[in-house]
Structure formats: C-alpha cells, structure tokens
Amino acid sequence: MERMNNEDIKKADAEVWDWINKEQIREQETINLIASENFASLPVLAAQGSVLTNKYAEGYSFARYYGGCQFIDRIEKIAIERTKELFNCEHANVQPHSGSQANMSVYFAYLKVGDTILGMDLRAGGHLTHGSPVSFSGKFYKAYSYGVDPKNEMIDFNIVEDLAKKYRPKLIVCGYSAYSRQVDFKAFSEIASKVGAYLLADIAHIAGFVAAGLHPSPHPFTDFTTTTTHKTLRGPRGGIVMCRKKFAKKIDSTVFPGIQGGPLMHVIAAKAIALKLASTNEFKDYQKKVLSNAKLMASLLEKLGYRIVSRGTDTHIVLVDLQPQGINGKEAEEILKKVNICVNKNTIPFDPLPANLTSGIRLGTPSVTTQGMGEKEIGLIVSFIHSALTNRSDDKKLASIREEVKNLCRQFPPY
Ligand SMILES: Cc1ncc(COP(=O)(O)O)c(C=O)c1O
C-alpha cells in the first residue's frame with residue numbers, strides 16, 4: 001500500500017504505525033462482507049490525507065467565519081453541485097460528519113422534543129437513529145416503529161399506514177441498515193401526506209444504487225434525504241443531507257452552528273471526488289456487479305440450505321437466518337473470523353435472540369466487488385462460508401480454509 005506515507009508515520013510513532021500496519025494486513029488478507037463498508041478509492045484516501053485537514057472553515061462557501069477559505073469555498077461548492085446533480089435534489093448540505101449527524105440535523109431542524117416519529121424497528125432492519133431507545137432519536141422523541149410482514153418479510157404498507165394513522169407522527173423515516181429489498185418511496189410519501197408527516201429517506205446503504213439508477217430515487221417523493229458517503233458510494237466516512245429548497249435554510253443552520261462546528265474540509269474534498277467518480281459509467285458497471293454478486297450469493301447459499309430473509313435481495317445485502325443450521329449469529333461471526341471472513345451478526349425479523357447473539361448474519365458485496373471479484377469468486381466465498389460453518393469444530397480444516405481465503409485475497413488486492 002504505497003499511497004500512505006508509511007515512513008513518516010513509522011518515524012513519528014512506531015506504536016501507532018504498528019497497529020495501522022496490522023490493520024492494513026488484516027484488510028488485505030480478509031474477505032470483507034460487512035455490508036456497510038467498502039474500500040475507498042485511492043484519490044478519496046489521498047484527499048483525506050491532504051493539507052485541507054489544516055483548515056478551519058466554519059460557515060458555508062463565501063460566508064465563512066475564518067479567513068483563507070477562498071479555495072476551500074470552491075471545493076465545498078463543487079461537492080454540493082455534484083450531490084444535487086447525481087441525486088437530482090433541490091438542496092444539499094455536505095458538512096455532516098456522519099450519517100447519524102445528517103439524520104440528527106433533520107430531527108433537530110423540524111421536530112420539537114417529544115414529537116412523534118415512525119421508523120423501522122432496529123431489530124427488523126432499521127438504524128439506531130430511526131427511533132431506537134438507546135439513540136437520541138428514541139430519547140428525545142416519541143418513537144413508534146413498523147416492522148415487516150411475517151409472511152414475506154417485506155414492508156407491508158397497510159400496516160405502515162395503520163400505524164401512521166394511529167400515532168400521527170410528525171416525521172416518517174424510511175431507508176434501512178439491514179433490509180435488503182427496494183424501498184417504495186412513493187408509497188411512503190402517500191402515507192406521509194395522508195397524515196401530514198414529513199418524510200425522511202435515509203439512503204445510507206443504497207446511495208450507490210440510487211446514483212447508478214439501479215434503485216428508484218427518493219426524489220421527488222421525500223422532504224429530506226440523508227446518506228452516508230462511505231458505503232456503496234465508496235467515498236470517505238461522512239454524511240450528506242438533501243432536502244427541498246424550502247427547507248434549505250433551516251437544515252443548513254441546524255448542521256452549522258446547530259450541531260457541528262467546523263466542517264472537515266479534507267473529507268468534503270473526498271466526498272466531491274467520490275461523487276464525481278459515482279457519476280461515471282464505470283461506477284454504474286461496478287454497482288451492477290455489486291448487485292449481481294449479492295443475488296448470486298443469496299441463491300448459492302439458499303441452494304446449500306441457508307434461509308435467506310425475504311427469500312432474496314434487491315441490493316448489496318444478504319441477510320441469512322442461521323436457525324436451520326443450529327448456530328447463532330455471534331457464533332457464526334466468530335467461526336468465520338477464524339477463516340479470515342469478516343461478517344456481522346445481525347438480528348433477523350422476529351428474532352427470538354437478543355442483539356448481542358442474534359439468529360442471523362448480514363453479508364454484503366460492495367468490498368469484494370471493488371476488489372474485482374465476480375461470479376467465480378462469489379462461488380468460492382460461499383463454499384468457504386459453508387465449509388467453515390459445517391466444520392466449525394475442526395481446527396485443522398478451519399486453518400486450511402483460512403489459507404485458501406488468503407490465497408484468494410492475494411489475487412485481488414484492494415489497492
Ligand atoms: C441506514 C443508516 N443510516 C445511518 C447510518 C449512520 O451512519 P454513521 O455510522 O456514519 O453515523 C447507518 C450506518 O450504518 C445506516 O445504516
């Protein structure tokens with residue numbers, strides 16, 4: 001990995017360098033199936049390590065509270081314009097430090113403490129910031145949740161509508177962390193308008209597909225759309241909030257000075273670069289492969305007796321119910337770690353187990369697709385997973401699978 005000034009880090013701090021180096025090697029030698037991660041492109045990494053990290057730029061382009069922002073201003077403007085074009089939205093704020101802060105800006109701008117919100121239950125696939133009691137979203141607001149239809153494990157809009165009519169939320173949230181099916185933004189907007197609620201689409205996971213036209217756009221159906229930039233979008237860690245023009249002023253003043261101080265300009269430059277790359281045909285092809293790899297992974301696992309939640313996927317996420325295999329998500333995560341396959345335990349809809357055990361694992365294909373893996377490699381990965389889980393007590397077998405995994409990784413270096 002020559003992009004890093006490894007020597008500079010090593011010279012300054014051998015201890016931290018050692019851990020960075022270990023992490024680099026871990027990433028190189030691991031099949032990463034964490035659905036919310038990706039390998040950021042080299043220009044994105046370089047921008048984040050650039051001198052822009054030195055600059056304070058409180059405020060917005062051409063209206064800052066610091067001098068010396070004449071170049072920074074251009075970069076932020078470019079990032080905003082690219083967001084508007086790529087996602088076809090009326091207004092964009094590229095300053096949120098994370099997806100959670102993007103969501104927080106919407107809540108803080110348009111809700112009062114104690115107002116009611118309706119989002120998907122965390123255990124069914126929603127995110128912490130969609131009303132979980134351990135998050136600000138569940139602590140400051142009266143949060144109600146919808147889940148999925150037990151028959152097909154997909155969203156049942158009759159139930160969402162009933163809940164909306166019953167609780168009259170001020171804000172409805174759609175867009176998820178562990179729901180692998182397409183989101184029908186239009187259906188949500190119809191329900192929101194029936195009850196006079198704002199609609200927020202959180203496209204953190206599916207932003208890459210939306211950008212590539214492989215998932216329906218939330219626009220013009222939503223009042224607010226938030227995203228992270230580091231998942232399918234392949235950018236730096238961070239967030240963006242988009243909204244209708246009429247909400248722009250309040251959203252901007254809530255992001256800064258409402259909940260954040262100075263923007264991370266090195267990250268905003270990296271967001272701008274990622275947005276440019278996301279508008280290319282290469283990116284479209286990449287997203288198509290992320291999707292076809294996920295669909296293939298789901299069908300191969302199903303053939304081997306695994307139960308895929310909702311019987312498939314429309315995205316990069318494959319949620320696997322491990323109850324038929326008699327292991328829980330925590331055990332599976334630990335077994336797969338032994339063979340250098342990185343996944344996360346995940347609750348499945350109506351999970352009888354708590355979040356620290358879970359009955360499932362969530363798999364995702366953005367990282368392996370970035371590495372250039374395709375059909376053949378997905379077949380190998382599925383066979384490694386199956387072999388590791390079925391031979392979980394055989395340390396010798398696990399060691400030999402680990403070597404095969406490392407060998408595969410060597411053929412597809414991320415950088
Ligand atoms: C749907 C959704 N929204 C928001 C977030 C929060 O992003 P961050 O971790 O950047 O705060 C995530 C993160 O996984 C997510 O899945």
Side-chain angles (χ1 to χ4, degrees), residues 32-38 40 44 48 87 93-108 117-132 134-138 141 143 145-148 155 171-183 185 188 199-211 215 218 222 224-242 255 259-260 263-264 267-268 270-271 274 290 294 313-319 342-347 355 358 360-367:
N32 181 26
L33 299 178
I34 304 273
S36 49
E37 295 179 4
N38 208 331
V44 162
Q48 289 187 95
F87 292 104
N93 184 312
V94 296
Q95 292 195 1
H97 300 332
S98 70
S100 296
Q101 273 167 306
N103 285 343
M104 184 183 260
S105 73
V106 174
Y107 287 55
F108 279 24
I117 62 168
L118 178 64
M120 184 182 262
D121 184 5
L122 178 69
R123 291 174 62 82
H127 185 255
L128 285 165
T129 55
H130 299 178
S132 161
V134 298
S135 138
F136 73 89
S137 61
Y141 309 103
S145 60
Y146 56 90
V148 292
I155 292 165
L171 176 79
I172 296 177
V173 187
C174 60
Y176 314 103
S177 298
Y179 179 75
S180 65
R181 293 305 188 164
Q182 270 192 9
V183 186
F185 299 115
F188 272 107
L199 180 62
L200 162 63
D202 178 347
I203 60 167
H205 266 269
I206 54 172
F209 295 123
V210 173
H215 186 292
T222 60
F224 312 99
T225 300
T226 55
T227 186
T228 56
T229 44
H230 48 275
K231 297 184 171 81
T232 48
L233 209 50
R234 260 201 99 190
R237 302 197 71 83
I240 292 179
V241 51
M242 298 165 251
V255 173
I259 59 172
Q260 290 189 176
L264 309 177
V267 178
I268 289 175
K271 286 174 186 171
V290 171
T313 180
D314 300 325
T315 65
H316 58 300
I317 294 173
V318 180
L319 191 58
C342 194
V343 307
N344 64 278
K345 59 180 170 294
N346 215 100
T347 50
T358 81
I361 48 173
R362 185 186 63 164
L363 310 178
T365 51
S367 295

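The residues of the chain are indexed from 1 along the displayed sequence. Whatever order the structure lists ligands and atoms in, that order sets their numbers, starting from 1.
- The heavy-atom pair separating His130 from Ser137 by the smallest distance is N-OG, 3.7 Å.
- Between atom 16 (O) of ligand 1 and the options Gly125, Ser98, Ser177, the minimum heavy-atom separation is to Ser177.
- Regarding atom 7 (O) of ligand 1, its nearest protein heavy-atom neighbour is Thr228 CG2, 3.3 Å.
- Under a 4.0 angstrom heavy-atom cut-off, Lys231 registers as being in contact with ligand 1.
- Any N or O atom pair closer than 3.5 Å counts here, and Thr129 shares no such pair with ligand 1.
- The protein heavy atom nearest to atom 4 (C) of ligand 1 is Asp202 OD2, 3.4 Å.
- By the 30° and 60° cut-offs, the orientation of the rings of Phe136 relative to Tyr141 is perpendicular.
- When each of Pro96, Ser105, Ser98 is paired with Gln260, the side chain to side chain contact (heavy atoms under 4.5 Å, CB included) condition holds for Pro96 and for no other.
- At under 3.5 Å, not a single nitrogen or oxygen of Gln101, backbone or side chain, sits near a nitrogen or oxygen of ligand 1.
- Here Ala204 has side-chain heavy atoms under 4.0 Å from ligand 1, and that is the only part of it that gets that close.
- Across His205, His97, His127, heavy-atom proximity to atom 12 (C) of ligand 1 is greatest for His127.
- In His230, the part holding a heavy atom less than 4.0 Å from any atom of ligand 1 is the side chain.
- Inspection of the Arg362 and Ser36 side chains reveals an N or O donor paired with an N or O acceptor under 3.5 Å.
- Rounded to the nearest 0.5 angstrom, Asp202 CG and Cys174 SG are separated by 8.5 Å.
- The one candidate from Leu233, Thr315, Asp314 that meets the side chain to side chain contact (heavy atoms under 4.5 Å, CB included) condition with Phe209 is Thr315.
- Here the CE atom belonging to Met120 is positioned 14.5 Å from the OG atom belonging to Ser132, to the nearest 0.5 angstrom.
- When each atom of ligand 1 is checked for a heavy atom of Tyr176 under 4.0 Å away, the hits are 1 (C).
- Aromatic rings of Tyr179 and His205 (six-membered ring for Trp) have centroids beyond the 6.0 Å cut-off, not under it.
- Nearest protein neighbour of atom 11 (O) of ligand 1, counting heavy atoms only, is Ser100 OG, 2.7 Å.
- In terms of protein heavy-atom proximity, atom 10 (O) of ligand 1 is nearest to Gly99 N, 2.9 Å.
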